[in-house]
Amino acid sequence: MTEHLTEHAPTPTASDSGSEPMATVTFLRPAPATVPPMPAEPPTVGPDDRTVVLETARVILDKPTTPASTSAPVVGRVEKVDLDDFDADAPLIPAWMYSAEGWAAWAGVFYRARRRDFRRWVRRQPTQRGHVRQFGRGARRAHEWVVGFEGVRVQSAAHTAHVLTREAKLAARHARFTPRILGSKKELAMKAAEKATKAAEEAVLLHKKAKKDRNRARNLRAGVAYGPPLAAIGSGYVMAGGLGLAVGLISTFAGGAFVGRTPYDEEADWTSDWRSLGDGDRMTAPMLDQTFRAAKVIGAEETLGVVQMPMLDARGAWTAVLDLPPGVPAKKAIRAIDELAAAFGVEEAQVSIAKRGRAGRIELYVSRDLPFTDKAAPGPLLALESPADFWGRISIGPDVRGIHQSISVVERSGLIGGEPGAGKSASGNTILLAAALDPRVILWLADGKGGGDLEPFEHLCERYEGDADPEAFSAILDELLKDMKARYALLKKLGKRKVTEELANKHPELRQLLLWVDELMLYTTDDEHGKKITRKLRNLVSRGRAAGIITFCATQKPGSDVVDTSLRDLLSIRWALRCTTPEASDTILGKGAAASGYSAKTIQSEMRGAGLLWAEGTNPTMVRADYYTDDQVTALIERTTEWRRAAGTLPSGPVTLAEQLLKLGDEDAAILAHLLDVFHHDIPDMTADWLPGQVLLDYLKGQGLAVTAERLGALVVRTDEEKAKRPWGEKGSRLSGYPLARVEATITARFGLTA
């Protein structure tokens with residue numbers, strides 16, 4: 001094909017005379033008789049669709065076409081086509097696009113585009129974004145949702161039931177073959193068999209209940225997940241036959257693909273060499289073996305015996321009961337808590353291990369988050385509608401599992417210690433408030449800080465030392481030792497060995513007495529009275545338990561110089577809050593506790609009020625004390641004040657020396673009592689320590705007591721120096737009088753009373 005581009009200068013006419021000739025572009029080609037068909041070979045495809053359109057237009061323009069009208073200029077047998085000829089209504093569309101070849105070219109572009117889209121969709125299906133893969137993921141996710149997590153509990157319950165059933169069979173066989181001639185051994189074996197059988201039956205019932213709950217939950221979720229697709233397919237087939245069936249299948253496929261449109265993120269981590277609970281993995285038996293091997297608790301070839309399969313509790317924590325290999329004690333795992341926490345990928349405080357029933361069986365508890373960092377729940381004492389019972393168990397607070405712990409303080413004493421800010425005062429309130437809310441308990445409090453922590457309890461106390469005075473506290477201990485001797489004397493008279501609740505209710509002198517010493521360090525480290533106080537406390541703690549005297553000491557510096565080991569070993573209840581060193585923790589819990597895996601140093605600063613409580617059992621337990629705000633403490637003290645007032649056990653406060661004299665019923669004692677009153681009477685120009693004799697006589701006469709100067713002088717015997725006259729009044733007249741110190745000395749010498 002040859003293309004010629006020529007210029008023609010037509011003869012000017014009248015209409016265009018004076019105008020410049022216009023150049024005309026013509027294509028010279030043979031004039032065909034008919035319109036040739038489209039070429040069999042497609043045009044060369046360029047890098048984009050625009051190239052395809054241009055090539056197609058070039059092919060069409062190269063083909064000869066029938067003249068559109070007879071008016072078109074023809075040079076020989078060549079058709080002239082004006083490239084500037086565009087439709088007036090669509091100026092951007094050339095005229096040749098309206099021909100059959102133009103429409104075919106336009107349709108071919110979309111055909112080829114759709115064909116490429118189809119090929120691209122086919123190539124996309126094997127990838128993660130393919131619709132088939134999306135539907136597969138959607139079906140998998142729907143199935144996982146239907147299955148749920150109940151199967152973990154069923155497997156755990158089944159495993160526990162198998163283990164307990166096997167133990168019950170062994171116990172029953174042992175009881176059956178134990179000869180009756182052995183007596184007590186036969187009875188113990190029968191009891192053990194009954195206990196094991198009961199435990200096995202309970203485990204079987206729990207397994208059945210777990211299966212029933214699992215099936216119910218799965219059926220409900222299956223109806224939600226599979227019901228709508230089945231309903232769509234079935235209703236479509238019934239209503240429209242095969243077409244409706246196809247529509248239902250397509251809609252189900254589209255819904256499943258929509259659910260699975262997001263790929264699984266964890267698939268990229270399946271090749272990881274080490275996974276842990278900190279990475280979000282589930283606790284499994286292989287993970288436990290791997291973790292305990294990494295912590296060097298068991299050997300490389302040893303495995304754990306799973307008594308209770310790992311399972312999630314309601315708080316989202318993992319728990320399991322494990323049997324260590326033969327010869328490995330539970331304390332080895334307890335000492336390795338740091339290594340186990342590192343292997344699990346969590347903090348030390350999140351791992352808790354306790355011995356369970358035998359030397360080689362442990363209960364493992366791994367919490368999801370750091371325990372005791374959430375807001376504490378209201379304490380149970382706020383719900384009391386009647387007085388508490390200090391003879392019973394005292395609520396302390398929840399442990400890491402959320403189980404509320406309680407202890408008994410009858411015939412016991414305790415020590416609470418921890419660094420400043422660990423929550424010592426708030427933790428001690430759990431015991432102090434429980435004692436205050438029982439109107440039968442006698443309170444003796446000593447505040448070594450001299451602050452205001454114990455001040456709200458002052459009006460409830462029989463004895464209170466709030467000035468941080470070691471000498472005054474030593475005097476209180478002397479008085480308490482005398483009270484202890486009186487208690488033992490009464491017990492001996494009654495023929496009893498120790499104080500019981502029934503005995504204390506009959507004899508008010510034997511009521512429980514709580515001695516609470518806050519900040520023991522100030523008293524025991526005093527240069528003059530420290531050793532005496534330690535000796536008196538040791539005597540009181542060792543002998544006062546049976547007499548109903550309970551002693552609790554609290555300190556912020558639990559060192560050996562503060563709490564002597566001879567005193568600490570007598571305190572049976574130990575509560576170690578957060579400490580800065582393992583040695584300080586051992587001062588409270590006892591030597592070797594930190595080496596055995598029980599150290600208050602591992603308690604994080606965020607865990608306020610948490611501590612290791614060693615009150616019952618063979619090992620300390622991590623608990624957080626019930627917390628009471630200042631307003632709640634005030635409300636509880638107001639409540640117990642009313643209860644103690646109703647019970648007649650509310651102390652009336654300190655009795656003045658004058659009141660003590662009036663209670664004697666003696667005439668001379670009444671005169672001395674009024675003499676004390678006149679010294680404290682608001683009289684102008686009155687001195688605090690001396691008054692003239694005439695002033696005293698006038699005051700006694702006003703009170704209805706006819707006392708002469710001779711009788712007053714005989715009652716209050718003065719020395720010659722005290723009889724000396726002193727100036728008195730505005731005129732400064734010198735008068736003879738009586739000093740207040742001489743009056744008080746007379747009262748002490750005659751009646752044995754002191755202010």
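Remember, predicted model here, so these are calculated numbers, not experimental data.
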If I take atom CG from residue D447 and atom CH2 from residue W516, how far apart are they, to the nearest 0.5 angstrom? 11.5 Å
When rounded to the nearest 0.5 angstrom, what is the spacing between CG in L510 and CG in L491? 5.5 Å
In terms of side-chain geometry, is the basic nitrogen of K424 or D518 positioned less than 4.0 Å from the acidic oxygen of its partner? yes
I588 vs L612 side-chain heavy atoms within contact, under 4.5 Å: no
Exactly one of Y464, W444, Y523 should register a ring-ring contact (aromatic ring centres under 6.0 Å, His included) with F473. Which one does? Y523
Heavy-atom pair with the smallest gap, counting every atom of P508 and K506: CD-O, 3.6 Å
For residues 371-384, the salt bridge (Lys or Arg N to Asp or Glu O under 4.0 Å) pairs (sequence neighbours left out) are D374-R624
Would you say that R293 contacts D289 through its side chain, given a criterion of any heavy-atom pair below 4.5 Å between the two side chains? yes
Can you find a side-chain donor-acceptor pair between T581 and K601 that sits under 3.5 Å? no
Tell me whether S599 contacts the main-chain N or O of A595 through its side chain, where contact means a donor paired with an acceptor under 3.5 Å. no
Are the side chains of E519 and T555 in contact, using a 4.5 Å heavy-atom criterion? yes
Where is the tightest heavy-atom contact between A435 and L514, given as atom of each residue plus distance? CB-CD2, 3.5 Å
If you count heavy atoms of other groups shown closer than 6.0 angstrom to CD of E455, is the number above 12? no
Could you grab the distance from atom CG of D626 to atom CD1 of I396, nearest 0.5 Å is fine? 7.5 Å
Pair R440, D389 - check salt bridge (charged side-chain N to carboxylate O under 4.0 Å, His left out), show working. CA-CA 9 Å; R440 300 172 296 178; D389 183 12; 2.8 Å; yes
Could you walk me through whether Y628 and L636 pass the side-chain contact (heavy atoms from CB on, under 4.5 Å) test, one step at a time? CA-CA 10 Å; Y628 299 94; L636 290 174; 4.1 Å; yes
Look at the side chain of T291 and the backbone N and O of M287, then say whether any donor-acceptor pair between them is shorter than 3.5 Å. yes
If the threshold is 4.0 Å, N to carboxylate O, is there a salt bridge linking E194 and K198? no
Return the set of residues passing salt bridge (charged side-chain N to carboxylate O under 4.0 Å, His left out) with E462 (not counting sequence neighbours), or none when no residue passes. none
Ignoring hydrogens and geometry, is there a side-chain-to-backbone donor-acceptor pair from S156 to V152 under 3.5 Å? no
Tell me whether R368 contacts the main-chain N or O of G278 through its side chain, where contact means a donor paired with an acceptor under 3.5 Å. no
Just wondering, do Y598 and I334 contact through their side chains at under 4.5 Å, heavy atoms? yes
Give, for atom CD1 of I353 and atom NZ of K331, the distance between the pair rounded to the nearest 0.5 Å. 15.0 Å
When you measure from the side chain of R574 to the backbone N and O of L571, does any donor-acceptor pair fall under 3.5 Å? yes
Exercise: identify the closest heavy-atom pair between P325 and I298: CD-CG2, 3.5 Å
Any non-hydrogen side-chain atom of L513 less than 4.5 Å from a side-chain atom of L443? no
Verify, without hydrogens or angle tests, whether D281 (side chain) and L277 (backbone) share a donor-acceptor contact under 3.5 angstrom. no
Under the rule for side chain to side chain donor-acceptor pair (under 3.5 Å), what residues qualify as partners of R463, not counting sequence neighbours? E479
Whether the R543 and N539 side chains hold a donor-acceptor pair (N or O, under 3.5 Å, no angle test) is what I'd like checked. yes
Side chains of residues 358-367: which donor-acceptor pairs under 3.5 Å do they make with residues two or more places apart or in other chains?
unit_1, atom_1, unit_2, atom_2, d
R361, NE, D323, OD1, 2.8
R361, NH2, E167, OE2, 3.2
R361, NH2, D323, OD2, 3.2
Y365, OH, D313, OD2, 3.1
Y365, OH, V400, O, 3.3
S367, OG, Q350, O, 3.4
S367, OG, D369, O, 2.9

Using salt bridge (charged side-chain N to carboxylate O under 4.0 Å, His left out) as the criterion, list what pairs up with K449, not counting sequence neighbours. D453
Looking only at heavy atoms, which two atoms of L577 and G609 are closest? And how far apart? CD2-O, 4.2 Å
Side chains of L537 and L520: does their closest heavy-atom pair fall under 4.5 Å? yes
Tell me, do R511 and T649 make a side-chain contact under 4.5 Å, heavy atoms counted? yes
What distance do L570 atom CG and R568 atom CZ have between them, rounded to the nearest 0.5 Å? 10.5 Å
Correct closest heavy-atom pair for P310 and A320 would be CA-CB, 3.9 Å
Taking only residues at least two apart or on different chains, which pairs with a member in residues 405-416 satisfy side-chain hydrogen bond (donor to acceptor under 3.5 Å, both in side chains)? R393-S406, D399-Q405, E411-K498, R412-S572
Using a 4.5 Å cut-off on heavy atoms from C-beta on, say whether the side chain of Q604 contacts that of E347. yes
Using only atom types and a distance under 3.5 Å, with no angle test, would you say the side chain of R644 pairs donor to acceptor with the backbone of A436? yes
Restricting to non-hydrogen atoms, name the atom on G448 and the atom on A468 that form the minimum distance, rounded to 0.1 Å. O-CB, 3.3 Å
Return the OG1 to CG distance between T534 and D526, rounded to the nearest 0.5 Å. 10.0 Å
